[in-house]
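Here the structure is a predicted model, which is why all the values come from computation and not from measurement. Atoms within a ligand are numbered from 1 in the order they appear, just like the ligands themselves. Just the heavy atoms: all of them, side chains too, but no hydrogens, waters or symmetry mates, feed the values below.
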Amino acid sequence: MLIAANWKMYKGPREARAFSEAFRAPKGVEAVICPPYVSLAATLESGHVVFAQNVHWADEGAFTGEISAPMLRELGVTGAIVGHSERRQHFGETDETVARRTLAALESGLRVIACVGESLEERETGQMELVLRIQVEAIADGVGTHSGLVLAYEPVWAIGTGKTASPEQAKEAHALIKSFLDVPVLYGGSVKPENAAELLSQPAVDGALVGGASLEVESFTAICQAAASLS
Ligand code: PEP
């Protein structure tokens, strides 16, 4: 089972190093840490599996503020999150750019956690299935199934809100996503030590992408332990 810590724009190198030295992944779980770019090197020092939070599709070029897959690989980073809803919402990420980033990263030998998920309005107006289909097919059209590709189902209404999809909702969405593209699917959206075991024990839930609760060693370890006890 894969449990990924998305630190978002938290933890500079000093805090990242302190976390990384204190954290030990329990046996039976693959723990992946996704720090901000400036803290990638400090997190790698303790031997953890480290992914970036984004990656550009070009190897190099005039793309101010972007980072490429070969640059990440040179550092020892082995994967990247792509298409997080915060990037879609605040930074103009589209299904097309998500697909381009995903394809380039996989072709460069990085693993990818590609994020999909519906907004509350989309869910409430009955568009969840359509939205997930469009988002997943954009990735599938470019890439298909690939051993380095994992999807994350992150309902936008559950990210950083304290609201969690019910186990039933997660089960249903994961099965739907897998019917579009049969790759492992992580659940993301207010995963905490208290709800991790129930969510992770649902069929078709292959791990978790954790934001807020990944910032403290204790809570992230507890989530990893919940996953380990299921595997
Ligand atoms: C995320 O950042 O991907 C996430 C799911 O955040 P949170 O766990 O805080 O909802």
Taking 4.0 angstrom as the limit, do Arg73 and Asp59 come out as a salt bridge?
-> no
Starting from atom 9 (O) of ligand 1, locate the nearest protein heavy atom and write down its residue, its atom name and how far away it is, to 0.1 Å.
-> Gly212 N, 2.8 Å
At under 4.0 Å between heavy atoms, what of Leu209 touches ligand 1? The answer is both
Among non-hydrogen protein atoms, atom 3 (O) of ligand 1 lies closest to Glu154 OE2, 2.7 Å
Polar contact flag, side-chain donor to acceptor under 3.5 angstrom, Thr221-Glu218 = no
Closest approach of any protein heavy atom to atom 8 (O) of ligand 1, naming residue and atom | Gly211 N, 2.8 Å
Consider only side-chain N and O atoms of Tyr153 and Glu118, and report whether a donor and an acceptor are under 3.5 Å apart.
-> yes
Asn6: numbered ligand 1 atoms lying under 4.0 Å from its heavy atoms = 1 (C), 2 (O), 3 (O)
Under 4.0 Å from ligand 1, counting heavy atoms only, is it the side chain of Cys115, its backbone, both or neither?
-> neither
Heavy-atom contacts with Gly189 under 4.0 Å: which atoms of ligand 1 show up? List them by number with element.
-> 5 (C), 10 (O)
Polar side chain donor-acceptor pair, Thr94 to Glu96, under 3.5 angstrom | no
For Ala158, take its heavy atoms, then give the atoms of ligand 1 lying under 4.0 Å from any of them.
-> 10 (O)
Quick one: does Ser85's side chain have a donor or acceptor within less than 3.5 Å of a partner on Arg88's backbone?
-> no
Atoms of ligand 1 close to Gly160 [distance to a heavy atom under 4.0 angstrom, numbered from 1] = 7 (P), 9 (O), 10 (O)
Any atoms of ligand 1 less than 4.0 Å from a non-hydrogen atom of Ser190? List them with their elements.
-> 7 (P), 8 (O), 10 (O)
Does Pro203 have any side chain to side chain contact (heavy atoms under 4.5 Å, CB included) partners at least two apart in sequence or in another chain, and if so, which?
-> Lys171
Would you check if there is a donor-acceptor pair between the side chains of Gln53 and His84 at a distance under 3.5 Å?
-> no
Atom 1 (C) of ligand 1 has as its nearest protein heavy atom His84 NE2, 3.2 Å
Salt-bridge present (Arg100, Glu93; N to O < 4.0 Å) = no
